[in-house]
Amino acid sequence: MRKQIAAANWKMNLTLTEGIQLAEDILKNEFDLNKSRAVLMAVPFPYLISIQQLLKGQANIHVCAQNCASTKNGAYTGEVSAEMLNSIGVHYVLIGHSERREYYHEDNALLAAKVNLALANEVVPVFCCGEPLAVREAETQNAFVENQLKESIFHLSADQMKGFIIAYEPIWAIGTGKTASSDQAQELHAHIRSVIAAQYGAEVAESVTILYGGSVKAANAADIFGKPDVDGGLVGGASLIASEFSTIIKSLK
Ligand code: PEP
């Protein structure tokens, strides 16, 4: 089975003490994680090493950065490179979250550069895509998401695309309490998989993990994750509550 993933996105929330408490509370639960199930915790940069220490010895639970620079190194005050992440043993990074696209004007070309740098530095990108409300209302979400993939990741080789991780997050469902229905999620995920299949072949497409993001919570996770092309979730608000996120992890296929 392709990898099923529950990914927490803490965004710019929690003090270090609160974050450690949250991670400890989550770890009090027993999870049936194995080769095909994993948990990611995308925490703020300053907490990566502390949370990584706390997760030491936990099989298949990894820290993840929320961003990395689009340039290799140099005079870019405030930026954190993929190479730096690798150097502290962080091997996952969110790239292209809609909040970064919207507030920091990250476009598809810039995100392609970030994806390349992550891969070159052995950091696995979790590539985020998804349409705004106006696009959904115009019913052009398939073409919109397809274009995001084409411009940011379809330059990759088939080998690089094998096992790649994508998070589909309709912007109108992020942090709004409005969730796409499990059928709407499945429909878009199936479309993403078919576009990957057209570009790279069915075998590669079948290996790609596609997470759903947008107001996932304990109460709806099993329904959404139960859909055949949904391979887990990227979770914001509910990942800040230990009991919620623990149930979400347990809802993985
Ligand atoms: C997110 O931050 O990626 C997200 C999906 O947030 P929320 O779960 O709060 O909608």
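Predicted, not measured: the structure shown is a model, and the values here were computed from it. Ligands are counted one by one from 1 in listed order, and the atoms in each one are counted from 1 as well.
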Residue pairs passing the side-chain hydrogen bond (donor to acceptor under 3.5 Å, both in side chains) test where at least one lies in residues 33-43, sequence neighbours excluded: Asp32-Arg37, Asn34-Ser36

Could you give the side-chain donor-acceptor pairs of residues 61-80 under 3.5 Å, partners two or more places apart or in another chain?
| from | atom 1 | to | atom 2 | distance (Å) |
| --- | --- | --- | --- | --- |
| Gln66 | NE2 | Lys11 | O | 3.1 |
| Gln66 | NE2 | Ala42 | O | 3.1 |
| Asn67 | OD1 | Lys114 | NZ | 2.7 |

For ligand 1, the residues whose heavy atoms come within less than 4.0 Å (ordered by chain, then number): Asn9, Lys11, His97, Glu169, Ala173, Ile174, Gly175, Gly213, Gly214, Ser215, Leu234, Val235, Gly236, Gly237

side-chain hydrogen bond (donor to acceptor under 3.5 Å, both in side chains) contacts touching residues 182-203 (sequence neighbours left out): Glu146-His191, Ser182-Asp223, Asp183-Lys227, Gln186-Asp229, Arg193-Asp229, Arg193-Asp231

NZ/NE/NH1/NH2 to OD/OE distance under 4.0 Å, Lys217 and Glu244: no

Close side-chain approach of Ile5 to Val39, heavy-atom, < 4.5 Å: no

Trp10 and Leu240, any side-chain heavy atoms less than 4.5 Å apart: yes

